[in-house]
Amino acid sequence: MDDDKQRQEVSLIGRILSMEALLMLMGVLSLIYGIRNGEPMNVFWGVVIIPGVFLLIKVRKKDWKKHWEEMEEEQRIREAIRNKKTLPPDEPKEG
């Protein structure tokens, strides 16, 4: 029981100190520091980092395997269409 509780605590700490949380904290602190001290470069980085964190979270949650399968299927369809256009037309059948 004690081992399970320790594992849960480590997992909680890992989630709290995740890369996304640290990036968000950095962005917010940079933004606050820049506004408070009139540093436009810090404000800029804060404004860039904060939406970047949300974009990172969205990208990481995307099902990339499914995405690449869809891209391969689309490529096959385009290749088939291209092959049909380059083939000579069928000869008219006599008879």
Side-chain angles (χ1 to χ4, degrees):
M1 194 68 123
D2 195 34
D3 187 39
D4 188 43
K5 183 178 180 185
Q6 185 178 8
R7 199 172 339 139
Q8 287 178 347
E9 288 175 3
V10 169
S11 176
L12 178 63
I13 291 170
R15 276 189 258 139
I16 291 172
L17 296 177
S18 69
M19 186 60 73
E20 292 90 355
L22 292 174
L23 283 170
M24 179 62 82
L25 179 64
M26 181 66 186
V28 169
L29 290 176
S30 179
L31 185 62
I32 291 170
Y33 176 82
I35 291 171
R36 184 176 261 175
N37 295 327
E39 296 284 337
M41 205 59 194
N42 289 88
V43 172
F44 169 77
W45 285 117
V47 169
V48 168
I49 291 171
I50 292 170
V53 170
F54 291 108
L55 183 63
L56 174 65
I57 291 169
K58 182 179 179 182
V59 167
R60 287 184 71 182
K61 287 184 178 182
K62 185 173 176 79
D63 184 0
W64 287 104
K65 184 177 180 180
K66 181 180 175 187
H67 170 74
W68 291 120
E69 288 172 357
E70 290 172 354
M71 294 297 289
E72 288 173 1
E73 180 64 27
E74 184 178 322
Q75 182 67 25
R76 276 188 240 124
I77 291 170
R78 287 182 179 174
E79 190 68 31
I81 291 171
R82 194 173 324 143
N83 288 339
K84 286 181 182 178
K85 287 182 180 178
T86 59
L87 293 176
D90 291 341
E91 297 290 327
K93 295 182 181 178
E94 295 179 22

Atom pairs and distances, side-chain donor-acceptor, residues 74-81, under 3.5 Å, sequence neighbours left out:
from : atom 1 : to  : atom 2 : distance (Å)
E74  : OE2    : R78 : NH2    : 2.7
R76  : NH1    : E73 : OE1    : 2.6
E79  : OE1    : R82 : NH1    : 3.2

> Residues in salt bridge (Lys or Arg N to Asp or Glu O under 4.0 Å) with E39, at least two apart?
Replying inline: none

> In chain order, what residues pass the side chain to side chain contact (heavy atoms under 4.5 Å, CB included) check against L25, with sequence neighbours excluded?
Replying inline: L29

> Of the non-hydrogen atoms in G46 and S30, which two are nearest, and what is the gap between them?
Replying inline: N-OG, 3.7 Å

> Are any non-hydrogen side-chain atoms of Y33 and R36 less than 4.5 angstrom apart?
Replying inline: no

> Mind checking what makes side chain to side chain contact (heavy atoms under 4.5 Å, CB included) contact with I35, not counting sequence neighbours?
Replying inline: L31, V43

>> Under the rule for side chain to side chain contact (heavy atoms under 4.5 Å, CB included), what residues qualify as partners of K58, not counting sequence neighbours?
In response: none

> Can you name the one residue among I50, I49, L56 that meets side chain to side chain contact (heavy atoms under 4.5 Å, CB included) with V53?
Replying inline: I49

>> Other residues, nucleotides and ligands only: do more than 12 of their heavy atoms fall within 6.0 Å of CE on M24?
In response: yes

> Do F54 and E20 have side chains that get closer than 4.5 Å, going by heavy atoms?
Replying inline: no

>> Which residues pass the side chain to side chain donor-acceptor pair (under 3.5 Å) test with E72, not counting sequence neighbours?
In response: none

